[in-house]
2 protein chains.
Amino acid sequence: MSTEDAGFKAALQEARQGSQEGGVPIGSALVSADGKILGQGHNMRIQKGSATLHAEISTFEKAGRLPASAYRGATVYTTLSPCDMCTGACVMYKVKRVVIGENKTFVGGEEYLKSRGIEVIVLDDKECYDLIQKFIQEKPGDWYEDIGEDE
Amino acid sequence: MSTEDAGFKAALQEARQGSQEGGVPIGSALVSADGKILGQGHNMRIQKGSATLHAEISTFEKAGRLPASAYRGATVYTTLSPCDMCTGACVMYKVKRVVIGENKTFVGGEEYLKSRGIEVIVLDDKECYDLIQKFIQEKPGDWYEDIGEDE
(Lines give C-alpha, C1' and ligand atoms only; values in the text may rest on other atoms or scores of the structure.)
Protein backbone atom coordinates (compact mmCIF):
# COMPACT_ATOMS: atom_id res chain seq x y z
CA MET A 1 0.00 0.00 0.00
CA SER A 2 1.45 3.31 -1.05
CA THR A 3 0.58 6.78 -2.27
CA GLU A 4 0.76 5.30 -5.78
CA ASP A 5 -2.36 3.16 -5.21
CA ALA A 6 -5.33 4.11 -7.39
CA GLY A 7 -7.48 4.09 -4.24
CA PHE A 8 -5.24 6.57 -2.47
CA LYS A 9 -5.07 8.80 -5.53
CA ALA A 10 -8.88 8.79 -5.72
CA ALA A 11 -9.15 9.68 -2.03
CA LEU A 12 -6.63 12.50 -2.40
CA GLN A 13 -8.43 13.82 -5.46
CA GLU A 14 -11.64 13.87 -3.42
CA ALA A 15 -9.89 15.83 -0.67
CA ARG A 16 -8.63 18.34 -3.23
CA GLN A 17 -12.16 18.71 -4.61
CA GLY A 18 -13.51 19.25 -1.10
CA SER A 19 -10.89 21.96 -0.62
CA GLN A 20 -11.88 23.64 -3.88
CA GLU A 21 -15.51 23.62 -2.73
CA GLY A 22 -14.56 25.31 0.54
CA GLY A 23 -15.43 22.16 2.47
CA VAL A 24 -13.58 20.04 4.99
CA PRO A 25 -10.83 18.65 2.74
CA ILE A 26 -10.94 14.98 3.56
CA GLY A 27 -11.43 12.36 0.86
CA SER A 28 -11.92 8.64 0.78
CA ALA A 29 -12.32 5.65 -1.52
CA LEU A 30 -13.52 2.09 -1.08
CA VAL A 31 -11.64 -0.49 -3.12
CA SER A 32 -12.74 -4.10 -3.48
CA ALA A 33 -10.51 -7.11 -2.90
CA ASP A 34 -9.91 -7.32 -6.65
CA GLY A 35 -8.92 -3.67 -6.96
CA LYS A 36 -12.12 -2.07 -8.22
CA ILE A 37 -13.09 1.33 -6.83
CA LEU A 38 -16.58 0.72 -5.46
CA GLY A 39 -17.12 4.30 -4.35
CA GLN A 40 -15.33 7.51 -3.49
CA GLY A 41 -16.36 10.70 -1.80
CA HIS A 42 -15.42 13.64 0.37
CA ASN A 43 -16.65 15.38 3.48
CA MET A 44 -19.88 17.28 2.79
CA ARG A 45 -20.49 19.04 6.12
CA ILE A 46 -20.29 22.50 4.63
CA GLN A 47 -21.53 21.75 1.11
CA LYS A 48 -24.68 19.89 2.25
CA GLY A 49 -25.01 21.09 5.83
CA SER A 50 -24.45 17.47 6.77
CA ALA A 51 -23.63 16.14 10.24
CA THR A 52 -22.83 12.65 9.00
CA LEU A 53 -21.31 12.86 5.50
CA HIS A 54 -17.70 12.54 6.55
CA ALA A 55 -15.49 11.35 3.69
CA GLU A 56 -15.76 7.67 4.55
CA ILE A 57 -19.53 7.79 5.11
CA SER A 58 -19.90 9.62 1.78
CA THR A 59 -17.86 6.88 0.20
CA PHE A 60 -19.91 4.01 1.62
CA GLU A 61 -23.02 5.92 0.57
CA LYS A 62 -21.76 6.47 -2.98
CA ALA A 63 -20.86 2.77 -3.23
CA GLY A 64 -24.53 2.12 -2.53
CA ARG A 65 -26.27 -0.99 -1.32
CA LEU A 66 -23.93 -3.96 -1.51
CA PRO A 67 -24.02 -7.47 -0.11
CA ALA A 68 -21.73 -8.16 2.83
CA SER A 69 -19.48 -10.17 0.52
CA ALA A 70 -18.57 -7.03 -1.45
CA TYR A 71 -16.75 -5.57 1.57
CA ARG A 72 -14.74 -8.70 2.31
CA GLY A 73 -11.10 -8.08 1.54
CA ALA A 74 -11.87 -4.44 0.72
CA THR A 75 -9.72 -1.45 1.58
CA VAL A 76 -10.92 1.96 2.73
CA TYR A 77 -8.54 4.75 1.82
CA THR A 78 -8.95 8.01 3.70
CA THR A 79 -6.78 11.10 3.70
CA LEU A 80 -7.12 11.56 7.49
CA SER A 81 -7.31 9.13 10.38
CA PRO A 82 -10.99 8.13 10.67
CA CYS A 83 -13.20 9.49 13.45
CA ASP A 84 -15.14 7.10 15.68
CA MET A 85 -18.20 7.16 13.39
CA CYS A 86 -16.23 6.31 10.26
CA THR A 87 -14.21 3.75 12.22
CA GLY A 88 -17.49 2.14 13.20
CA ALA A 89 -18.66 2.06 9.58
CA CYS A 90 -15.47 0.20 8.60
CA VAL A 91 -15.99 -2.23 11.49
CA MET A 92 -19.68 -2.77 10.68
CA TYR A 93 -18.94 -3.59 7.04
CA LYS A 94 -15.88 -5.65 8.04
CA VAL A 95 -13.44 -4.22 5.54
CA LYS A 96 -10.00 -5.78 5.58
CA ARG A 97 -7.82 -2.71 5.71
CA VAL A 98 -7.86 1.04 6.29
CA VAL A 99 -5.13 3.09 4.61
CA ILE A 100 -4.73 6.54 6.13
CA GLY A 101 -3.11 9.51 4.40
CA GLU A 102 -1.95 11.11 7.61
CA ASN A 103 -2.60 11.06 11.34
CA LYS A 104 -0.54 13.97 12.64
CA THR A 105 -3.58 16.25 12.53
CA PHE A 106 -5.97 13.86 14.22
CA VAL A 107 -5.83 10.28 15.46
CA GLY A 108 -9.20 8.57 15.28
CA GLY A 109 -10.15 4.97 15.92
CA GLU A 110 -6.97 3.31 14.70
CA GLU A 111 -6.47 1.19 17.81
CA TYR A 112 -10.11 0.14 17.78
CA LEU A 113 -9.86 -0.89 14.13
CA LYS A 114 -6.85 -3.05 14.98
CA SER A 115 -8.66 -4.55 17.98
CA ARG A 116 -11.45 -5.60 15.61
CA GLY A 117 -9.02 -7.28 13.25
CA ILE A 118 -8.72 -4.56 10.61
CA GLU A 119 -5.26 -3.75 9.25
CA VAL A 120 -4.26 -0.08 9.55
CA ILE A 121 -1.61 1.54 7.40
CA VAL A 122 -0.54 5.18 7.74
CA LEU A 123 1.16 6.75 4.71
CA ASP A 124 2.20 10.07 6.28
CA ASP A 125 1.42 12.00 3.09
CA LYS A 126 2.33 15.68 3.08
CA GLU A 127 -0.44 16.88 0.76
CA CYS A 128 -3.14 15.28 2.94
CA TYR A 129 -1.62 17.07 5.92
CA ASP A 130 -1.26 20.41 4.17
CA LEU A 131 -4.86 20.39 2.90
CA ILE A 132 -6.43 19.84 6.30
CA GLN A 133 -3.99 22.11 8.15
CA LYS A 134 -4.84 24.99 5.81
CA PHE A 135 -8.55 24.37 6.43
CA ILE A 136 -8.14 24.27 10.21
CA GLN A 137 -6.25 27.56 10.17
CA GLU A 138 -8.91 29.19 8.02
CA LYS A 139 -12.06 27.69 9.55
CA PRO A 140 -11.30 26.31 13.01
CA GLY A 141 -14.94 26.41 14.08
CA ASP A 142 -16.05 24.24 11.18
CA TRP A 143 -13.24 21.81 11.87
CA TYR A 144 -13.99 21.32 15.55
CA GLU A 145 -17.71 21.01 14.82
CA ASP A 146 -16.89 18.26 12.32
CA ILE A 147 -15.18 16.11 14.92
CA GLY A 148 -17.62 16.89 17.72
CA GLU A 149 -15.12 18.90 19.73
CA ASP A 150 -15.32 22.31 21.37
CA GLU A 151 -13.20 24.91 19.65
CA MET B 1 -35.81 6.52 31.06
CA SER B 2 -38.86 4.58 30.01
CA THR B 3 -41.12 3.75 27.09
CA GLU B 4 -43.13 6.81 28.13
CA ASP B 5 -40.31 9.20 27.18
CA ALA B 6 -41.15 11.52 24.29
CA GLY B 7 -37.83 10.53 22.70
CA PHE B 8 -38.66 6.85 22.81
CA LYS B 9 -42.15 7.46 21.45
CA ALA B 10 -40.65 9.44 18.57
CA ALA B 11 -38.17 6.66 17.82
CA LEU B 12 -40.91 4.03 17.89
CA GLN B 13 -43.11 6.14 15.63
CA GLU B 14 -40.20 6.35 13.18
CA ALA B 15 -39.82 2.56 13.28
CA ARG B 16 -43.54 2.17 12.56
CA GLN B 17 -43.23 4.57 9.63
CA GLY B 18 -40.27 2.62 8.30
CA SER B 19 -42.35 -0.54 8.52
CA GLN B 20 -45.24 1.09 6.65
CA GLU B 21 -42.79 2.13 3.93
CA GLY B 22 -41.54 -1.45 3.58
CA GLY B 23 -38.17 -0.44 4.98
CA VAL B 24 -36.00 -1.77 7.78
CA PRO B 25 -38.22 -0.83 10.75
CA ILE B 26 -35.75 0.82 13.09
CA GLY B 27 -36.32 4.35 14.38
CA SER B 28 -34.33 6.80 16.42
CA ALA B 29 -34.47 10.22 18.04
CA LEU B 30 -31.86 12.60 19.45
CA VAL B 31 -32.97 14.51 22.54
CA SER B 32 -31.00 17.38 24.05
CA ALA B 33 -30.04 17.67 27.71
CA ASP B 34 -33.04 19.94 28.24
CA GLY B 35 -35.48 17.53 26.63
CA LYS B 36 -35.86 18.99 23.15
CA ILE B 37 -36.05 16.56 20.21
CA LEU B 38 -33.21 17.72 17.98
CA GLY B 39 -33.89 15.20 15.25
CA GLN B 40 -35.58 11.90 14.53
CA GLY B 41 -35.40 9.45 11.67
CA HIS B 42 -35.59 5.87 10.53
CA ASN B 43 -33.55 3.43 8.50
CA MET B 44 -33.62 4.36 4.79
CA ARG B 45 -31.68 1.46 3.22
CA ILE B 46 -34.59 0.33 1.09
CA GLN B 47 -36.36 3.65 0.60
CA LYS B 48 -33.24 5.54 -0.55
CA GLY B 49 -30.97 2.67 -1.55
CA SER B 50 -28.71 3.88 1.25
CA ALA B 51 -25.78 2.01 2.76
CA THR B 52 -25.37 4.45 5.64
CA LEU B 53 -28.77 5.86 6.61
CA HIS B 54 -29.39 3.61 9.56
CA ALA B 55 -31.92 5.07 11.97
CA GLU B 56 -29.35 6.78 14.18
CA ILE B 57 -27.36 8.19 11.25
CA SER B 58 -30.64 9.48 9.73
CA THR B 59 -31.38 11.11 13.06
CA PHE B 60 -28.01 12.86 13.38
CA GLU B 61 -28.41 13.95 9.78
CA LYS B 62 -31.92 15.33 10.32
CA ALA B 63 -30.69 17.20 13.40
CA GLY B 64 -28.25 18.90 11.06
CA ARG B 65 -25.05 20.76 11.79
CA LEU B 66 -24.78 21.48 15.48
CA PRO B 67 -21.95 22.65 17.72
CA ALA B 68 -20.36 20.03 19.93
CA SER B 69 -22.11 21.59 22.93
CA ALA B 70 -25.53 20.61 21.55
CA TYR B 71 -24.72 16.92 22.01
CA ARG B 72 -23.50 17.27 25.59
CA GLY B 73 -25.95 15.62 27.94
CA ALA B 74 -28.02 14.43 24.97
CA THR B 75 -29.75 11.06 24.67
CA VAL B 76 -30.03 8.92 21.55
CA TYR B 77 -33.11 6.73 21.53
CA THR B 78 -33.10 3.82 19.12
CA THR B 79 -35.54 0.95 18.76
CA LEU B 80 -32.73 -1.61 18.25
CA SER B 81 -29.26 -1.99 19.71
CA PRO B 82 -26.98 0.21 17.57
CA CYS B 83 -24.57 -1.31 15.04
CA ASP B 84 -20.88 -0.41 15.16
CA MET B 85 -21.33 2.54 12.77
CA CYS B 86 -24.13 4.10 14.78
CA THR B 87 -22.28 3.32 17.99
CA GLY B 88 -19.33 5.23 16.58
CA ALA B 89 -21.55 8.20 15.70
CA CYS B 90 -22.74 8.36 19.32
CA VAL B 91 -19.14 8.15 20.53
CA MET B 92 -17.92 10.79 18.08
CA TYR B 93 -20.59 13.28 19.12
CA LYS B 94 -20.15 12.32 22.78
CA VAL B 95 -23.80 11.92 23.68
CA LYS B 96 -24.48 11.13 27.32
CA ARG B 97 -26.81 8.19 26.98
CA VAL B 98 -28.18 5.66 24.51
CA VAL B 99 -31.63 4.23 25.23
CA ILE B 100 -32.34 1.02 23.32
CA GLY B 101 -35.80 -0.35 22.59
CA GLU B 102 -34.64 -3.95 22.45
CA ASN B 103 -31.50 -6.03 22.04
CA LYS B 104 -32.82 -9.57 21.73
CA THR B 105 -32.71 -9.37 17.94
CA PHE B 106 -29.23 -7.89 17.71
CA VAL B 107 -26.60 -6.67 20.16
CA GLY B 108 -24.46 -3.91 18.70
CA GLY B 109 -21.80 -1.76 20.33
CA GLU B 110 -23.28 -1.57 23.82
CA GLU B 111 -20.08 -2.60 25.61
CA TYR B 112 -18.03 -0.19 23.52
CA LEU B 113 -20.43 2.65 24.33
CA LYS B 114 -20.01 1.91 28.04
CA SER B 115 -16.23 1.71 27.68
CA ARG B 116 -16.32 5.22 26.22
CA GLY B 117 -18.35 6.55 29.14
CA ILE B 118 -21.80 6.52 27.56
CA GLU B 119 -24.72 5.26 29.63
CA VAL B 120 -26.70 2.43 28.00
CA ILE B 121 -30.27 1.59 28.94
CA VAL B 122 -32.25 -1.28 27.39
CA LEU B 123 -36.04 -1.05 27.62
CA ASP B 124 -36.92 -4.50 26.27
CA ASP B 125 -39.95 -3.16 24.39
CA LYS B 126 -42.16 -5.73 22.70
CA GLU B 127 -43.32 -3.58 19.79
CA CYS B 128 -39.71 -2.76 18.80
CA TYR B 129 -38.96 -6.48 18.82
CA ASP B 130 -42.09 -7.45 16.90
CA LEU B 131 -41.50 -4.85 14.17
CA ILE B 132 -37.97 -5.98 13.37
CA GLN B 133 -38.72 -9.69 13.77
CA LYS B 134 -41.54 -9.42 11.24
CA PHE B 135 -39.19 -7.67 8.82
CA ILE B 136 -36.44 -10.27 9.24
CA GLN B 137 -38.89 -13.07 8.53
CA GLU B 138 -40.18 -11.33 5.42
CA LYS B 139 -36.92 -9.91 4.03
CA PRO B 140 -33.94 -11.73 5.54
CA GLY B 141 -31.61 -10.71 2.71
CA ASP B 142 -32.29 -7.01 3.27
CA TRP B 143 -31.79 -7.44 7.00
CA TYR B 144 -28.42 -9.16 6.77
CA GLU B 145 -27.22 -6.69 4.16
CA ASP B 146 -28.14 -3.86 6.53
CA ILE B 147 -25.85 -5.15 9.26
CA GLY B 148 -23.05 -6.24 6.93
CA GLU B 149 -23.58 -9.93 7.56
CA ASP B 150 -23.91 -12.87 5.21
CA GLU B 151 -27.40 -14.31 5.10
Side-chain angles (χ1 to χ4, degrees), chain A residues 23-24 30 38-39 41 43-54 56-72 74 82-95 106 108-109 111-113 115-116 118 141-151, chain B residues 24 30 38-39 41 43-72 74 82-95 106 108-109 111-113 115-116 118 141-151:
Chain A
V24 183
L30 172 66
L38 300 174
N43 185 300
M44 298 298 282
R45 174 169 293 269
I46 291 174
Q47 296 91 319
K48 288 194 175 177
S50 174
T52 67
L53 287 171
H54 279 190
E56 301 89 331
I57 299 292
S58 289
T59 293
F60 282 115
E61 188 65 11
K62 290 260 188 88
R65 289 185 59 176
L66 296 170
S69 58
Y71 303 99
R72 300 290 176 268
C83 81
D84 291 303
M85 174 175 65
C86 297
T87 293
C90 294
V91 170
M92 196 264 283
Y93 281 125
K94 301 175 189 64
V95 302
F106 173 84
E111 291 307 314
Y112 188 58
L113 287 168
S115 78
R116 296 293 297 267
I118 297 174
D142 289 326
W143 164 247
Y144 287 106
E145 182 193 295
D146 197 52
I147 54 170
E149 299 278 1
D150 296 310
E151 194 173 343
Chain B
V24 183
L30 173 65
L38 300 173
N43 184 299
M44 299 298 282
R45 174 170 293 269
I46 291 174
Q47 296 92 319
K48 289 194 175 175
S50 173
T52 67
L53 287 172
H54 279 189
E56 301 89 330
I57 299 292
S58 289
T59 293
F60 281 116
E61 188 65 10
K62 290 261 190 87
R65 288 184 60 176
L66 296 169
S69 58
Y71 302 98
R72 300 290 177 267
C83 82
D84 291 304
M85 173 177 66
C86 297
T87 293
C90 294
V91 170
M92 196 264 282
Y93 281 126
K94 304 175 188 62
V95 302
F106 174 84
E111 291 308 314
Y112 188 58
L113 286 168
S115 79
R116 296 292 297 265
I118 297 174
D142 290 326
W143 164 246
Y144 287 106
E145 182 193 295
D146 196 52
I147 55 171
E149 299 278 1
D150 295 310
E151 193 174 344

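What you see is a predicted model; the values in this text were computed from it and never measured.
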Structural part of [X] lying under 4.5 Å from a heavy atom of chain A:
X	answer
F60(B)	both
I46(B)	both
S50(B)	both

Are any side-chain N or O atoms of Y112(A) and backbone N or O atoms of Y112(B), one a donor and one an acceptor, separated by less than 3.5 Å?
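No, the answer is negative, given that no donor and acceptor are paired below the 3.5 Å cut-off.
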Looking at every non-hydrogen atom in both residues, tell me the closest pair between [X] and [Y] and how far apart they are.
X	Y	result
D84(A)	R116(B)	OD1-NH1, 3.1 Å
E61(B)	A51(A)	OE1-N, 3.3 Å
T52(B)	I57(A)	CG2-O, 3.6 Å

Heavy-atom pair count under 4.5 Å with chain A, highest-scoring of G39(B), S69(B), G49(B)
G49(B)
Report the option among K62(B), K48(B), R72(B) that has the most heavy-atom pairs separated by less than 4.5 Å from atoms of chain A.
R72(B)
Crowded around F106(A) CZ? As in, over 12 foreign heavy atoms under 6.0 Å?
yes
Can you confirm whether more than 12 heavy atoms, excluding those of K94(B), are under 6.0 Å from its NZ atom?
yes
Partner set under side chain to side chain donor-acceptor pair (under 3.5 Å) for E111(A), not counting sequence neighbours:
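So E111(A) forms a side chain to side chain donor-acceptor pair (under 3.5 Å) with K114(A).
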Ranking E145(A), E151(A), H54(A) by heavy-atom pairs under 4.5 Å to chain B gives rank one to E145(A)
Can you tell me how far the CG atom of D146(A) sits from the CZ atom of R65(B), to the nearest 0.5 Å?
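Taking CG in D146(A) and CZ in R65(B), the distance rounds to 8.0 Å.
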